[in-house]
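Data block below; observations after.
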Amino acid sequence: MARRPMGGEEGGEDAVEEKEGEILTPEEQQAAAEKKKKRNQKKRARAKKKKAAAKALVWEKAATLSCGRESRLVSKGNLGKGELLWGTNEYYLSVLYTSHCGTHCGACYAEMGASKRWSCPVCKSFSLCEKCDKAEVKEWHEHECGLFCGVPVGMRQGDTDYLRFVCRFFAICCHGAPPASLPGSRLLSPTPELDEVFKLRGRGKSRTDIRFLDCLSTNEELQSEDFRSWCSNFAQLFERHVKFPAGYTVSDLADLLMRIRTNGLGFPCSDKHGTLGWSLDLYASFLDHSCSPNCEVTMDDGGKLLVRTLTDIQDGSPLLISYVDVESRTPKERRDHLFELYRFRCSCERCESGK
Ligand SMILES: C[S@@+](CC[C@H](N)C(=O)[O-])C[C@H]1O[C@@H](n2cnc3c(N)ncnc32)[C@H](O)[C@@H]1O
């Protein structure tokens, strides 16, 4: 029987079919309405997905990754003071400081207080607030929890930031990215511009699917002998107790620990808010430091990492944040502090001019 489209463009999503020249029976009307409802649901889901993808890529509108031996983010177009450049929790791998594990939610990082709902009875290092207490989060946490509890008790005592970070990283390598309600759900998304950095830095084959971690610098020659041997001992001990992702070696892990120290971003990354923990972020970890920054990184209540401009910025200028509180320190104290924490000698304009 010939059909004609109704309600919308010919053959379009909203088309409801009816028999030509006939009045539809109530059953047919109901079936047509059902069909239309389903089509609209699909359409809305597609639009939502598209919107989420556009939102996640918002940084691309504001910045370009300039690749080379030194890589950095530079502005794309002129930017105004106070502009939000990007904000998402989907691209970072993070941990709370050990002292905050029982007081802050392990998914959104909000302080829990009375809203604390769940604490992992096995590792006792991961809690969830009422909002984030979801089955899929607990299920995914079991992967990292199993790794954490597989190492000797001595390794789990005291400060466990590095250990928890490595457990989360291994869990992602072996079991895939966390669900959307945990940070880092898009860490395994393809990032062609990072492939470019990777190639330019001559790092050979990527060790894991979280490629940006291989791109970041280790500043190995500037690390202290003590820290280098700590990294190497940690990696060897870890290997004795935990199965490594295929192709990943003890020396890859020792390098990762150095990268954490050199590139870890405290969040919220400003001394006035205090720091809850730290992360390595696929994009923000390519922001260079300046003692007179033009951007700042903070975190919102839902755990999104926000990058905002502090000044007007001209097209093609580097986007610069301050890794430490600079105003309360003399130039020498600033430089020493940066070296102590991040192992690099600051060569920003302000330091070069001795101010
Ligand atoms: C978080 S990364 C930023 C991305 C980095 N430029 C890269 O190529 O991977 C931090 C590293 O960048 C370099 N860096 C950032 N800001 C700097 C500055 N003001 N002076 C000298 N080196 C800097 C240092 O090597 C530092 O360890």
Side-chain angles (χ1 to χ4, degrees), residues 59 62-75 85-86 91-95 165 187 191 193-204 206-207 210-224 227-228 231 255-270 275 277-298 305 307 310-311 313 316-327 329-355:
W59 79 277
T64 307
L65 187 60
S66 115
C67 309
R69 261 181 52 86
E70 274 298 322
S71 301
R72 51 166 55 170
L73 287 168
V74 298
S75 72
L85 302 187
W86 67 90
Y91 296 100
Y92 68 73
L93 199 66
S94 57
V95 283
F165 185 93
L187 273 169
T191 49
E193 61 289 313
L194 288 180
D195 289 351
E196 194 57 32
V197 181
F198 199 75
K199 240 191 278 161
L200 282 162
R201 290 188 170 188
R203 293 270 165 81
S206 185
R207 312 295 191 275
I210 313 181
R211 306 201 82 189
F212 86 97
L213 285 182
D214 298 327
C215 290
L216 298 168
S217 40
T218 58
N219 289 2
E220 184 174 359
E221 64 292 355
L222 296 173
Q223 303 287 354
S224 68
F227 185 65
R228 275 206 301 256
C231 294
D255 278 358
L256 174 68
L257 297 169
M258 282 185 239
R259 290 195 170 106
I260 292 175
R261 180 165 192 196
T262 304
N263 302 283
L265 192 70
F267 56 70
C269 187
S270 111
T275 312
W278 46 266
S279 66
L280 292 185
D281 183 274
L282 196 150
Y283 299 117
S285 291
F286 287 96
L287 288 163
D288 272 352
H289 163 88
S290 167
C291 295
S292 31
N294 57 17
C295 289
E296 71 169 353
V297 178
T298 53
L305 209 68
V307 179
L310 292 171
T311 62
I313 302 175
S317 309
L319 300 179
L320 302 163
I321 57 169
S322 174
Y323 298 173
V324 296
D325 177 22
V326 289
E327 294 316 328
R329 297 185 166 95
T330 65
K332 182 176 177 328
E333 283 170 350
R334 249 166 36 213
R335 278 195 294 276
D336 291 350
H337 192 51
L338 279 166
F339 187 73
E340 181 54 33
L341 288 185
Y342 294 101
R343 292 281 144 178
F344 71 92
R345 309 237 179 249
C346 184
S347 58
C348 76
E349 271 181 28
R350 183 166 167 190
C351 284
E352 293 294 280
S353 66
K355 286 186 204 147

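Below, all heavy atoms of this structure are taken into account, side chains as well, without hydrogens, waters or symmetry copies. In each ligand, atom 1 is the first atom listed, and ligand 1 is the first ligand listed.
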**Request:** Dump the intermediate steps for side-chain contact (heavy atoms from CB on, under 4.5 Å) on L265 and L287, then the final yes or no.
**Result:** CA-CA 10 Å; L265 192 70; L287 288 163; 6.0 Å; no

Can you sort out which atoms of ligand 1 are near [X], meaning under 4.0 Å from one of its heavy atoms?
X    : answer
R345 : 20 (N), 21 (C)
C346 : 19 (N), 20 (N)
S217 : 9 (O)
S347 : 18 (C), 19 (N), 20 (N), 21 (C)
T262 : 27 (O)
N263 : 1 (C), 2 (S), 10 (C)

Is there a donor-acceptor pair under 3.5 Å between the side chain of [X] and the backbone N or O of [Y]?
X    : Y    : value
D255 : E220 : no
S75  : G316 : yes
T275 : G277 : no
S285 : L282 : no

Between [X] and ligand 1, which residue portion shows a heavy-atom distance shorter than 4.0 Å: side chain, backbone, both, or neither?
X    : answer
H289 : both
Y323 : side chain
S285 : backbone
R343 : neither

**Item:** Polar atom proximity, D288 to ligand 1 (N or O, under 3.5 Å)
**Value:** yes

**Item:** Distance-only N or O hit between ligand 1 and N219, under 3.5 Å
**Value:** yes

**Request:** For residues R343 and F227, determine if any side-chain heavy atom of one lies less than 4.5 Å from a side-chain heavy atom of the other.
**Result:** no

**Prompt:** Quick one: do the T262 and Q223 side chains pair a donor with an acceptor below 3.5 Å?
**Reply:** yes

**Message:** Among L187, N263, D281, exactly one meets side chain to side chain contact (heavy atoms under 4.5 Å, CB included) together with F212. Which residue is that?
**Reply:** L187

**Message:** Counting only heavy atoms not in E333 (residues, nucleotides, ligands), do more than 12 fall under 6.0 Å from its CD?
**Reply:** yes

**Asked** Does L265 come within less than 4.0 angstrom of ligand 1, counting non-hydrogen atoms of the residue?
**Response** no

**Message:** Given G264, C351, S71, identify the one with the heavy atom nearest to atom 6 (N) of ligand 1.
**Reply:** S71

**Request:** Give the single entry among F344, F339, Y342 that approaches atom 23 (C) of ligand 1 most closely by any heavy atom.
**Result:** F344

**Asked** For D288, what residues pass the salt bridge (charged side-chain N to carboxylate O under 4.0 Å, His left out) criterion, not counting sequence neighbours?
**Response** R72

